[in-house]
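For reference, the structure discussed in these notes is given below.
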Protein chains: 2
Amino acid sequence: MSQHRHPGASGRAGAVPALPDLPEATVARLPEYLRALHNLADAGHETVSSEGLSAAAGVNSAKLRKDLSHLGSYGTRGVGYDVALLIEQIEYVLGLTQRRAVALVGVGNLGHALAGYDGFASRGFRIAALLDADPSRVGEEINGLVVRHVDELPAIAVEESIAIGVIATPAAAAQRVADQLVAVGVTSILNFAPCVLSVPEGVDVRKVDLAIELQILSFHEHRKASLTALPATGGSALTALPGGLAATDTQEAIGT
Amino acid sequence: MSQHRHPGASGRAGAVPALPDLPEATVARLPEYLRALHNLADAGHETVSSEGLSAAAGVNSAKLRKDLSHLGSYGTRGVGYDVALLIEQIEYVLGLTQRRAVALVGVGNLGHALAGYDGFASRGFRIAALLDADPSRVGEEINGLVVRHVDELPAIAVEESIAIGVIATPAAAAQRVADQLVAVGVTSILNFAPCVLSVPEGVDVRKVDLAIELQILSFHEHRKASLTALPATGGSALTALPGGLAATDTQEAIGT
DNA sequence: AGGCGCTTGTGAAGACGTGCACAAATCGCG
DNA sequence: CGCGATTTGTGCACGTCTTCACAAGCGCCT
């Protein structure tokens with residue numbers, strides 16, 4: 001790409017696209033901010049303070065300001081952030097200005113649901129292909145897309161320009177699919193199969209395991225149960241917990 | 001930490017086993033270890049070294065040892081860990097020794113898939129109720145369970161002892177459902193709706209947002225693209241990256 | 001124009017997580 | 001019985017993330 005002017009332009013002579021290498025923790029929160037911003041925009045807000053936005057996104061306001069400061073100074077002191085401008089900025093940084101094609105492999109139970117999930121399209125992704133290794137599933141039409149055989153992947157990768165692969169197969173098949181995706185040049189994979197994937201350097205894999213989330217909750221349940229079973233150390237032990245139970249990823253008691 | 005207290009048989013000597021408050025990062029990895037251990041057990045292994053297990057789980061071996069050390073000393077120097085014993089220990093700590101009842105609210109696209117997902121049952125969870133607010137969906141049978149109206153929640157919470165609530169509704173309905181779950185005593189919620197939930201203190205909420213995962217991958221795609229587009233500053237900039245691209249949560253190039 | 005209230009952006013400190021490197025411990029074998 | 005090979009458990013240093021607290025900047029009102 002040549003000079004990719006930021007959406008909002010905003011001067012800064014010939015500034016490079018200059019994706020500042022954001023902290024990973026910040027990157028993980030940007031989509032949340034983006035969603036909150038869209039909600040605010042729909043509600044008619046033109047500007048929002050860090051306090052307001054952080055509340056809508058469920059994070060600490062200082063954290064939000066620091067996160068946003070990493071992508072440049074797009075706020076106005078005494079006023080807040082311009083909602084529309086911030087949306088453009090975040091979408092640019094996240095690479096959402098171009099609609100990315102997603103190949104979904106495995107149209108079983110979960111794959112079916114993913115194929116019909118609205119959230120993808122509304123966030124700038126386009127499911128470009130549905131694939132499965134089971135011949136009996138090939139040909140089925142889901143949500144306007146016909147399921148094709150996974151061996152057609154090379155051809156499909158040429159037709160559509162696949163940017164991201166989603167694996168929703170059983171664990172036993174996941175590694176093979178990953179290899180096939182990598183072979184056709186896919187460098188980002190979202191893995192729903194409960195297994196570890198081995199991929200060459202430069203390929204990013206994110207994993208989502210629904211059962212793991214439940215197990216983490218189970219731990220906290222177990223822990224809470226064992227705590228309430230202890231009448232000792234005064235009731236304060238339970239009510240005075242500042243945020244000790246709070247998990248890194250777990251949103252906690254926000255109050256109203 | 002000298003006296004090993006086995007989950008099942010151990011004598012529950014008045015005092016609660018006193019779950020050592022594990023670092024949250026450790027808790028999040030335990031389920032992964034558990035899965036790897038089950039695989040090893042199925043493959044006939046009786047013991048496993050930290051090196052072997054960490055490879056199977058896709059983590060650093062030192063990290064694994066430190067994680068396991070938090071739950072006590074269950075390894076044997078020079079030998080490794082007893083697979084069966086470690087499975088018991090982790091399952092105990094995670095509270096999986098008792099099968100927990102899960103209420104799934106929202107049987108739309110995603111809810112349907114979750115209702116049919118094998119991974120829950122095989123990990124010690126039991127979907128005890130399917131609920132929906134849409135009367136036209138009530139009565140439908142999915143995987144042997146009949147969908148009931150969400151207003152029946154109080155009754156159901158008494159019948160079954162619901163430990164965890166799963167929200168798979170549209171975002172607009174999620175907060176109301178969360179309130180209903182909290183009202184019947186649920187203190188752990190897994191939220192698939194793309195919104196922030198507000199819950200009272202002591203209630204744990206974990207969120208899974210499929211679109212967010214894709215957006216994070218999109219960022220890395222965008223970043224990789226902008227890097228390869230820059231021939232300047234010597235090729236070293238690209239090849240010399242030690243692990244700079246590596247994401248905290250993203251598994252990276254494990255090589256073979 | 002000047003002051004005042006509000007909000008951003010950031011320095012600094014602390015909490016947390018990670019990974020190296022090594023001492024301690026165990027087994028098997030001669 | 002002792003020795004070496006092996007592997008766990010952990011002290012320590014380093015990097016990342018979070019949070020507080022506050023100066024700098026902006027707009028509005030008088």
Side-chain angles (χ1 to χ4, degrees), chain A residues 10 20-30 32-33 45-83 85-86 89 242-252, chain B residues 1-2 4 20-30 32-33 37 40 45-83 85-86 89 241-252 254:
Chain A
S10 79
D21 48 348
L22 309 175
E24 191 60 26
T26 295
V27 174
R29 283 187 294 264
L30 287 181
E32 198 72 45
Y33 301 156
H45 293 71
E46 300 213 338
T47 64
V48 64
S49 69
S50 66
E51 203 65 46
L53 182 53
S54 69
V59 302
N60 180 297
S61 68
K63 198 191 309 194
L64 177 127
R65 287 198 299 277
K66 187 150 289 188
D67 283 342
L68 295 186
S69 77
H70 284 129
L71 21 128
S73 223
Y74 292 106
T76 306
R77 292 164 193 254
V79 177
Y81 299 91
D82 182 293
V83 173
L85 174 61
L86 202 48
Q89 278 305 316
L245 274 179
T248 50
D249 198 19
T250 300
Q251 73 177 74
E252 263 285 318
Chain B
M1 59 184 81
S2 50
H4 294 198
D21 49 346
L22 309 175
E24 191 60 25
T26 295
V27 174
R29 282 186 294 264
L30 287 181
E32 198 73 47
Y33 302 156
L37 283 166
L40 288 167
H45 293 71
E46 300 213 338
T47 64
V48 64
S49 70
S50 66
E51 203 65 44
L53 182 54
S54 68
V59 303
N60 179 294
S61 68
K63 199 191 303 193
L64 177 129
R65 287 198 297 277
K66 189 155 291 187
D67 283 342
L68 295 186
S69 77
H70 283 129
L71 21 130
S73 222
Y74 292 107
T76 307
R77 297 160 122 103
V79 178
Y81 299 90
D82 181 292
V83 172
L85 174 61
L86 202 48
Q89 277 306 315
L241 290 177
L245 275 178
T248 51
D249 197 20
T250 301
Q251 75 177 72
E252 262 283 317
I254 297 174

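We name chains A, B, ... by the order of the sequence lines, and we start the count at 1 in each one.
Proximity of Ser73(B) to the phosphate of dG9(D): a side-chain N or O atom is located under 4.0 Å from OP1 or OP2. Applying the 4.0 Å criterion to OP1 and OP2 of dG9(C), one finds that Tyr81(A) has a side-chain N or O inside that range. Checking the phosphate oxygens (OP1, OP2) of dT18(D), a side-chain nitrogen or oxygen of Arg29(A) falls inside 4.0 Å. The phosphate of dT7(D) (OP1 or OP2) has no side-chain N or O of Ser50(B) nearer than 4.0 angstrom. Within the 4.0 Å cut-off from OP1 or OP2 of dG17(C), not a single side-chain nitrogen or oxygen of Asn60(B) is found.
Atoms CG (Leu86(B)) and C1' (dT7(D)) sit 15 Å apart, rounded to a whole Å. Atom C1' of nucleotide dG9(C) and atom CG of Leu53(A) are separated by 15 Å, given to the nearest angstrom. Summarising the geometry, the separation between OH on Tyr74(A) and P on dC26(D) is reported as 16 Å, rounded to the nearest angstrom. Between the P atom of dG19(C) and the CG atom of Leu64(B) lies a distance of 12 Å, rounded to the nearest Å. Atoms CG (Leu30(A)) and P (dC17(D)) sit 13 Å apart, rounded to a whole Å. Rounded to an integer number of Å, the gap from His70(B) NE2 to dG11(D) P is 11 Å. Between the P atom of dC17(D) and the CG atom of Leu22(A) lies a distance of 11 Å, rounded to the nearest Å. We find that CD of Glu51(B) is positioned 13 Å from P of dG19(C), with the value rounded to whole Å.
Across Tyr33(A) and Asp67(A), no two heavy atoms sit closer than the pair OH-OD2, 2.5 Å. A pairwise comparison of heavy atoms in Arg65(A) and Ser50(A) identifies NH1-OG, 3.0 Å as the closest pair. Considering all non-hydrogen atoms of both residues, Val59(B) and Arg29(B) come closest at CG1-CD, 4.2 Å.
Side chains of Thr47(A) and Tyr81(A) form no contact here, defined as non-hydrogen atoms less than 4.5 Å apart. Side-chain contact between Asn60(B) and Leu64(B) is absent, with no heavy-atom pair separated by less than 4.5 Å.
One N or O donor and one acceptor, one from the side chain of Arg77(B) and one from the base of dT8(D), sit under 3.5 Å apart. Counting distance only, with no hydrogens placed and no angle test, the side-chain atoms of Lys66(A) and the base atoms of dT19(D) include a donor-acceptor pair under 3.5 Å.
Mapping Gly80(B) and Asp67(A) onto DNA chain D by nearest heavy atom places Gly80(B) at the nucleotide closer to the 5' end. With the nearest nucleotide of DNA chain D identified for both Val79(A) and Ser69(B), Ser69(B) has the one nearer the 5' end.
Within the 4.0 angstrom heavy-atom criterion, no nucleotide atom of any strand lies near Ser61(B).
Distances were taken from every side-chain heavy atom of Arg65(B) (C-beta onward) to each of dT10(C), dT8(D), dT18(C); the shortest belongs to dT8(D). Minimum atom distance to the side chain of Ser49(B) is reached by dT7(D), of the listed dA21(C), dC20(D), dT7(D). Nearest to the side chain of Ala62(B), among dG19(C), dT18(D), dT8(D), sits dG19(C).
Here the side chain of Thr76(B) pairs no donor or acceptor atom with the backbone of Val79(B) at under 3.5 angstrom.
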